[in-house]
2 protein chains.
Amino acid sequence: MKYELNACKVEDALSILVGKWKPIILLHLLNNGTQRFNQLRRSMPGITQKMLTKQLRELEAEDIIERVVYPEVPPRVEYSITEYGKSLQPILEAMHDWGVRHTLHKQKLQTQHG
Amino acid sequence: MKYELNACKVEDALSILVGKWKPIILLHLLNNGTQRFNQLRRSMPGITQKMLTKQLRELEAEDIIERVVYPEVPPRVEYSITEYGKSLQPILEAMHDWGVRHTLHKQKLQTQHG
DNA sequence: CAGTATCCAGGGCGATACTG
DNA sequence: CAGTATCGCCCTGGATACTG
């Protein structure tokens, strides 16, 4: 290992990403750029308005995403990743890469045991 | 971005790491090598036997750690990271690096707002 | 030493209804 | 359109006691 990893720091990152819909929200914003509330909602089948609002607010509180309200009728609210939020991308990529290999590993285990 | 990240894969990785004590356990095993049950326990102030057992069993079920029982009296059980478990290290490092920067970022925000 | 078994509190998350 | 408000389930995790 490059150096000793500190558990507290790891958990700081983990606490940001933990939440049933947070990774999905982040990936949608990273992949598709700025999105309106209902645009996000439609792209996440199964999420309720309450949960989407809650998860967005939590990410906003951590300065991971930005929320911009346009004073129009009907209301328009746009969400986007902040520069700081983009710094999470290496973590998401590392997880994605691992997830891809994890699928293969599980298949291998099943072949061995099954 | 290098390519589109898939939410399911990211969550596969996340689901392994989520658990109040799992990152701590993994870092202990990565930093210190094979450890006995009470050795881990002593290095994690606040954890109960039940929780340590539970988290260890879950990591074992995912083939992230290995559990070896020595049929002795008194019993000896040793835990270690598997080769597969070591593949999580890039994720933990990415989280650690981010966590370090997150601390600085929070301090910066507080200076601005406070 | 290395666990189980049991009970219990808090919070995450969902379903549903209502609103500026 | 983009939210709040309320209710309730379940699951994680903690406290405590017991055991091969």
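In what follows, chains carry the letters A, B, and so on, assigned in the order in which the sequence lines appear, proteins first and then strands, with residues in each chain numbered from 1. None of the values given here were measured: they were computed from a predicted structure.
B:Glu60 has its CD atom 14 Å from the C1' atom of C:dA2, to the nearest Å. Here C:dC13 presents its P atom at 13 Å from CG of A:Leu56, a figure rounded to the nearest Å. The CZ-C1' distance, from B:Phe37 to C:dA2, rounds to 6 Å in whole Å. Rounded to whole angstrom, the span from the CZ atom of A:Arg41 across to the C1' atom of D:dA2 amounts to 9 Å. Between the P atom of D:dA15 and the NZ atom of B:Lys54 lies a distance of 15 Å, rounded to the nearest Å. With rounding to whole Å, A:Leu52 atom CG is found 10 Å from D:dA2 atom P. Rounded to whole angstrom, the span from the CD atom of B:Gln35 across to the P atom of C:dA2 amounts to 11 Å. Rounded to whole Å, the distance from CE on A:Met51 to P on D:dT4 is 13 Å.
Proximity note for A:Arg67 (side chain, C-beta onward) versus C:dG14, C:dA2, D:dG3: the nearest is D:dG3. Of the candidates D:dC1, D:dT12, C:dA15, C:dA15 carries the atom nearest the A:Lys50 side chain, counting heavy atoms from C-beta on. In this structure, of D:dA2, D:dT16, C:dC13, it is C:dC13 that holds the atom nearest to the side chain of A:Lys20.
A donor-acceptor pair under 3.5 Å is formed between the side chain of B:His96 and the backbone N or O of A:Asn6. Between the side chain of B:Ser87 and the backbone N or O of B:Glu83, no donor-acceptor pair lies under 3.5 Å. At distances below 3.5 Å, not a single donor-acceptor pair connects side-chain atoms of B:Thr34 with backbone N or O atoms of B:Glu78.
Side-chain N/O atoms of B:Gln39 include none lying less than 4.0 angstrom from OP1 or OP2 on C:dA2. Residue B:Arg36 has a polar side-chain atom (N or O) positioned under 4.0 Å from OP1 or OP2 of C:dA2. OP1 or OP2 of D:dA2 has not a single side-chain nitrogen or oxygen of A:Arg42 nearer than 4.0 Å. Applying the 4.0 Å criterion to OP1 and OP2 of C:dT4, one finds that B:Arg57 has a side-chain N or O inside that range.
At a threshold of 4.0 angstrom between heavy atoms, the contacts of A:Glu78 with the nucleic acid are absent. B:Tyr79 comes within 4.0 angstrom of sugar-phosphate atoms only, judged by non-hydrogen atoms across all strands, and of no base. Note on A:Gly19: only backbone sugar-phosphate atoms sit closer than 4.0 angstrom, heavy atoms only; bases stay farther off.
C:dG20 is paired with D:dC1 under the Watson-Crick or G-U wobble criterion, all donor-acceptor distances under 3.5 Å.
Between B:Gln49 and B:Glu58, the residue anchored closer to the 5' end of DNA chain D is B:Glu58, taking for each the nucleotide with the nearest heavy atom.
Under the 4.5 Å side-chain criterion, counting only non-hydrogen atoms from C-beta, A:Met44 is in contact with A:Ile25. Between A:Tyr84 and B:His102, some side-chain heavy-atom pair lies under the 4.5 Å cut-off.
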